[in-house]
Amino acid sequence: MRLLQLHSDFIEYEPIEKEIRDAEEIVPQSKVRLEDLVVAFVAVESRDDESVVKIAVDEIKKYLDMVKSSRLLIYPYAHLSSDLAPPTLAIDIIKSVESFAKDSINQVYRAPFGWTKSFNIKVKGHPLAENSREISKQEEHKHADPLHREKESSALKDEEKLQSLWYIAQPGGQMAPVHNYNFKKQDQNLQMLVDYEIAKNRAVNEQPAHVRLMKKLAIADYEPASDAGNIRYYPKGRLMKSLIEQYITRRVMEYGGIEVETPIMYDTKHPSLQSYFNRFPARQYSITSDNKQLFLRFAACFGQFLMAKDFNISYKHLPLKLYELTRYSFRREKSGELVGLRRLRAFTMPDCHAFCRNLDQAKEEFLKRFELSISVLNDLGLTIKDVEMAIRFTEDFYNENKDFMTELINRFGKPVLVETWKERFFYFTLKWEFNFIDGLGKASALSTDQIDVENGARYGIEFVEEDGTKKNPIILHNSPSGAVERIIYALLEKSAKISKEGGIASLPLWLSHTQVRIIPVSQEHIVHCEKVLAELTENQIRADIDDRDETVGKKIRESETEWVRYTIVIGDKEIHSEKLIVRDRNEGKQRETTLYQLINEVKEQTRNKPYLPLNLPLRLSSRPQIMV
RNA sequence: GCCUUGGUAGCUCAGCCUGGUAGAGCGUUACCUUGGUAAGGUAGAGGUCGGGGGUUCGAAUCCCCCCCAAGGCUCCA
């Protein structure tokens with residue numbers, strides 16, 4: 001049975017003529033209008049029998065309670081399904097839904113069956129106003145294959161099963177229910193994560209700090225000509241992204257990740273993808289090509305899993321680690337959820353899957369990736385102090401792996417938020433993520449890893465065991481950093497926080513577009529500046545010359561507001577001596593140095609980080625102005 | 001998607017309540033200034049007032065519809 005429930009301000013309908021021979025006989029009536037109600041469109045399918053009635057009524061009742069309505073219209077609507085029951089059976093089932101519903105629902109109405117009806121409906125605007133369910137016979141529940149069962153469980157969403165229990169776990173392994181935990185001063189951000197996740201306390205009314213900064217620093221901006229959540233990146237933003245991408249890729253490859261590239265669009269009808277797609281159909285971009293209905297990937301999983309399925313894998317090859325940096329992954333988040341660089345519809349996601357022989361191997365690998373994630377985040381400029389960990393698992397997994405969980409929490413070294421479920425609903429048994437808490441108290445996941453016990457079978461990925469049998473691997477899903485755009489978001493928000501507390505906002509030196517700015521005192525010094533610039537560039541330091549016809553004071557000021565770390569002014573004094581006066585923005589004052597020392601100082605701080613040349617003209621007078 | 005707030009020069013914003021035909025600062029252009037560590041001076045150019053419709057003699061201003069953004073609700077596999 002298919003059920004579409006709409007919480008509506010009103011519906012008006014009018015039976016026009018009998019559509020089928022078996023249409024219900026009704027007393028001819030004119031237009032019917034009902035206000036403030038739930039309209040349940042119902043299609044009875046071929047496999048349905050009386051056993052779906054109770055499930056359907058329970059669903060409807062639950063929905064009415066949720067939207068706090070007590071008026072129901074049952075509206076037979078064949079178009080919801082292509083696999084309809086015979087009309088005589090359908091009308092019986094619909095009538096018993098009606099009579100059964102009357103036991104528990106205040107006002108129940110029903111539109112006639114088998115008639116062409118014109119109707120006019122106004123659906124309420126709130127997020128729960130539209131709700132669709134697929135209901136199958138009860139006895140199928142017990143024997144359904146896993147894919148089928150998942151479809152139903154998502155349809156039925158048994159509340160008991162999905163109910164979360166929340167704890168705070170501390171290094172050492174003690175867990176206390178969240179409401180018993182005494183948050184200390186240093187747990188301030190953890191408390192915000194808890195508020196965000198559980199209490200849903202988000203009463204703020206400000207534009208996020210990073211949105212202002214991404215514009216001010218000419219990193220990125222909205223692109224009105226695209227879809228919402230698709231951002232334009234200016235030269236400085238593109239440079240930052242390239243550097244972050246190169247860095248993460250190198251680290252994952254050093255860890256053993258094998259880089260691959262997979263398509264960004266997939267066939268909705270592909271058997272392995274279909275069940276996934278049906279589960280969250282509203283969140284994909286979908287496109288049509290020839291006769292195919294395709295969707296844009298929302299992660300790298302599909303491509304890598306489909307690829308791994310075609311590999312010939314022995315247990316000796318495991319753990320096998322495939323990696324892709326997806327530019328882009330697409331998620332059609334609801335428009336109201338999109339925020340600056342925090343939440344996008346197109347984002348760059350490093351995604352590394354490890355195919356493991358068994359749980360022991362998976363756990364061992366899991367710890368390696370945990371360390372990798374901490375290290376990557378740290379090099380990107382975000383330490384453990386900047387993030388809060390959430391860890392989510394099923395009760396069974398916890399009971400069987402207590403020591404392992406304690407080990408994870410110990411390695412993090414701070415109290416973490418724990419969410420547990422009685423039974424597994426998602427494809428993973430264990431998942432952790434690092435959440436960045438921004439200036440408005442919003443939490444966003446960065447690094448994450450999961451133990452996936454389901455997709456090996458779903459995608460038919462197999463390896464040959466020692467004894468010759470074929471097995472499905474356990475799959476780990478790790479992004480050591482989270483989305484690249486979100487890293488920039490976190491760095492900008494962190495800077496804003498520092499600046500609010502009276503510190504100096506900055507970006508890590510290796511991610512700064514200009515590392516050294518050279519300012520000539522007057523035009524005649526430009527030639528010498530060019531020599532200094534060449535020396536710096538040769539040493540892979542990004543430097544530029546502010547040769548515009550402005551006063552030195554003004555150029556210094558702009559260098560500061562552009563967050564340039566080192567500024568050197570070159571005039572007669574410098575030309576005739578080895579000494580340089582460098583203005584170090586982090587110290588807020590000048591000091592004497594030499595070019596050689598400055599080069600070493602920059603190289604020291606950017607060691608083991610990727611280098612790319614400045615992707616703007618090296619003379620500021622040749623640059624177009626981007627925003628302000 | 002809904003609610004609230006907002007959209008005026010390249011950028012940040014004032015004007016809107018009380019209708020009378022467009023303002024500031026920054027940027028930009030030209031000229032002067034040739035400079036020493038956070039904004040040198042003068043003059044000029046630059047606006048379908050988000051889009052469309054309506055009311056009016058007259059609309060940036062009042063009304064309706066739409067688009068975009070922010071914040072909230074919700075969602076976040």
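Numbered from 1 within each chain, the chains take letters A, B, ... in sequence-line order.
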Does the gap between the ring centers of A/F302 and A/F295 come in under 6.0 Å?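 So the answer is yes for these two rings.
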
Could you tell me how far apart A/E558 (CD) and B/rG27 (C1') are, to the nearest whole angstrom?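 About 10 Å, once rounded to whole Å.
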
Write down the distance separating the C1' atoms in B/rC65 and B/rG71, rounded off to the nearest Å.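 To the nearest whole Å, 24 Å.
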
Could you check which nucleotide pairs with B/rG23 in any of the strands shown, counting Watson-Crick or G-U wobble with both distances under 3.5 Å?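 The answer is B/rC13, by the H-bond criterion.
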
Which heavy atom of A/A543 sits nearest to which heavy atom of A/L536, and what is that distance?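 Closest pair (atom of A/A543, atom of A/L536, distance): CB-CD1, 3.7 Å.
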
B/rA24 and B/rA69, which share atom name P, separated by this distance in whole Å: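 Approximately 31 Å lies between the P atom of B/rA69 and that of B/rA24.
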
N/O (side chain, A/K442) to phosphate O (OP1/OP2, B/rC76) under 4.0 Å: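 For B/rC76, OP1/OP2 do not have a side-chain N/O of A/K442 under 4.0 Å.
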
Which nucleotide, B/rG71, B/rA69, B/rA77, lies nearest any side-chain atom of A/V339?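 Output: B/rG71.
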
Out of B/rA38, B/rU74, B/rA70, which nucleotide sits closest to the side chain of A/P208?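 Of B/rA38, B/rU74, B/rA70, B/rA70 is nearest to the side chain of A/P208.
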
From A/K589, A/R585, A/R591, residue fulfilling salt bridge (charged side-chain N to carboxylate O under 4.0 Å, His left out) relative to A/E587: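 Exactly one candidate clears the test, A/R591.
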
Selected nucleotide, minimal atom distance to A/I581 side chain, candidates B/rA38, B/rG71, B/rU37: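 My answer, after comparing the listed nucleotides, is B/rU37.
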
Atom CG of A/D546 and atom P of B/rA38: how far apart are they, to the nearest Å?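 My rounded result for the distance is 15 Å.
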
In whole Å, measure the gap between the C1' atoms of B/rU33 and B/rA43 for me.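 My reading of the C1' atoms in B/rU33 and B/rA43 gives 15 Å.
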
Quick one: the side chain of A/E337 and the base of B/rG1, do they pair up donor-acceptor inside 3.5 Å?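 Such a pair does not exist between side chain and base.
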
Write down the distance between CE (A/M214) and P (B/rC11), rounded to a whole number of angstrom.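 That distance rounds to 14 Å.
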
So, does the side chain of A/R331 form a donor-acceptor pair with the base of B/rC76 at under 3.5 Å?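 No, the side chain and the base share no sub-3.5 Å donor-acceptor pair.
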
Provide the distance between the two C1' atoms, one in B/rA9 and one in B/rG27, to the nearest whole Å.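 Result for the C1' pair: 11 Å, nearest Å.
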
Side chain of A/R557 (C-beta onward), nearest among B/rC75, B/rA39, B/rG72: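 Between B/rC75, B/rA39, B/rG72, the one nearest the side chain of A/R557 would be B/rA39.
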
Starting at the 5' end of RNA chain B, which residue's closest nucleotide do you reach first, A/V552 or A/R486?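 Going by which nucleotide is closer to the 5' end, it is A/V552.
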
Results of side chain to side chain donor-acceptor pair (under 3.5 Å) for A/T429 - residues two or more places apart only: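 Here no residue qualifies.
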
May I have the distance from A/L338 (atom CG) to B/rG72 (atom P), rounded to whole angstrom?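 Result: 13 Å.
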
Interatomic distance where CG belongs to A/L341 and P belongs to B/rA70 [whole Å]: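 Atom-to-atom, A/L341 to B/rA70, this comes out as 11 Å.
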
On a whole-Å scale, what distance lies between the C1' atoms belonging to B/rC16 and B/rU61?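 It works out to 4 Å between them.
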
Name all residues meeting the side chain to side chain donor-acceptor pair (under 3.5 Å) criterion together with A/K555; count only those two or more places apart in sequence or in a different chain, and write none if there are none.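 With neighbours one apart ignored, the set is empty.
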
Using a 4.0 Å heavy-atom cut-off across all strands, classify A/A445 as base, sugar-phosphate, or nothing.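 Answer is nothing: A/A445 stays at 4.0 Å or more from every strand.
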
Without decimals, in angstroms, what is the distance between A/R591 CZ and B/rU37 P?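 Distance check: A/R591 CZ to B/rU37 P gives 18 Å.
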
Would you say a side-chain N or O of A/R583 is under 4.0 Å from OP1 or OP2 of B/rA38?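 Yes, within the criterion.
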
Give every residue pair that meets the ring pair (Phe, Tyr, Trp, His ring centres under 6.0 Å) criterion with at least one member in residues 484-505 of chain A, sequence neighbours excluded.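 Sorted result for residues 484-505 of chain A: A/H210-A/Y489, A/F436-A/Y489.
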
Euclidean distance, atom CD of residue A/E419 to atom C1' of B/rC76 [Å, nearest integer]: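 Rounded to whole Å, this separation is 12 Å.
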
Over all strands shown, is A/E574 touching base, sugar-phosphate only, or nothing at heavy-atom distances under 4.0 angstrom?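 It contacts base atoms.
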
Rounded interatomic separation in angstrom, taking CZ from A/R342 and P from B/rG71: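 In whole Å, B/rG71 P and A/R342 CZ are 8 Å from each other.
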
Using the C1' atom as the reference point in each nucleotide, state the distance between B/rG19 and B/rC49 in Å, no decimals.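 It works out to 15 Å between them.
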
Could you identify the nucleotide paired to B/rG46, looking across every strand shown and requiring Watson-Crick or G-U wobble geometry with both distances under 3.5 Å?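 Looking at the geometry, B/rG46 pairs with no nucleotide.
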
With a non-hydrogen cut-off below 4.0 angstrom, is A/G571 in contact with a base, only sugar-phosphate, or nothing?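 Since a base atom lies under 4.0 Å of A/G571, the category is base.
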
With a 3.5 Å cut-off and heavy atoms only, can you find an N or O donor on one side and an acceptor on the other between the side chain of A/R392 and the base of B/rA77?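 Flag unset: no donor-acceptor pair detected.
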
Measure from the side chain of A/E560, starting at C-beta and using heavy atoms only, and say which of B/rG71, B/rA38, B/rG36 lies closest.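 Selected nucleotide: B/rA38.
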
Have a look at A/K573 and say if it touches a base, only the backbone sugar-phosphate, or nothing, with a 4.0 Å heavy-atom cut-off.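 The residue A/K573 makes base contact.
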
Would you please indicate yes or no on a ring centroid separation below 6.0 angstrom for A/F305 and A/H353?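 That pair passes the under 6.0 Å test.
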
Looking only at side-chain atoms of A/R343, point me to the closest of B/rA77, B/rC75, B/rU37.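 Nearest to the side-chain atoms of A/R343, counting from C-beta on, is B/rC75.
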
Measure from the side-chain heavy atoms of A/Y222 and tell me the nearest of B/rA38, B/rA77, B/rA70.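 Between B/rA38, B/rA77, B/rA70, the one nearest the side chain of A/Y222 would be B/rA70.
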
For nucleotides B/rA45 and B/rG7, find the distance between their C1' atoms and express it as a whole number of Å.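 Here B/rA45 and B/rG7 have their C1' atoms 25 Å from each other.
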
Tell me, please, which residues at least two apart from A/D386 pass side chain to side chain donor-acceptor pair (under 3.5 Å).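 By the side chain to side chain donor-acceptor pair (under 3.5 Å) rule, A/D386 matches A/T383, A/K494.
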
Evaluate the ring planes of A/F370 and A/W432, with Trp represented by its six-membered ring, and classify them as parallel (under 30°), tilted (30 to 60°) or perpendicular (over 60°).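 Answer is perpendicular, since the angle exceeds 60°.
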
Identify each atom pair where a protein N or O and an N or O of nucleotides 29-34 of chain B are less than 3.5 Å apart, giving names and distance.
{"from": "B/rU33", "atom 1": "O4", "to": "A/D549", "atom 2": "OD2", "distance (Å)": "3.0"}

Test of understanding: with side chain to side chain donor-acceptor pair (under 3.5 Å), list the residues that count as partners of A/Q523, not counting sequence neighbours.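 If we apply the side chain to side chain donor-acceptor pair (under 3.5 Å) test to A/Q523, skipping adjacent residues, there are no hits.
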
Earlier contact from the 5' end, RNA chain B, for A/K554 and A/T567: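 Its nearest nucleotide being more 5', the pick is A/K554.
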
For nucleotides B/rG52 and B/rA60, find the distance between their C1' atoms and express it as a whole number of Å.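 Between the two C1' atoms, the distance is 16 Å.
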
With a 3.5 angstrom cut-off on both distances, give the Watson-Crick or G-U wobble partner of B/rA69, or none if there isn't one.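 Base partner found: B/rU5.
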
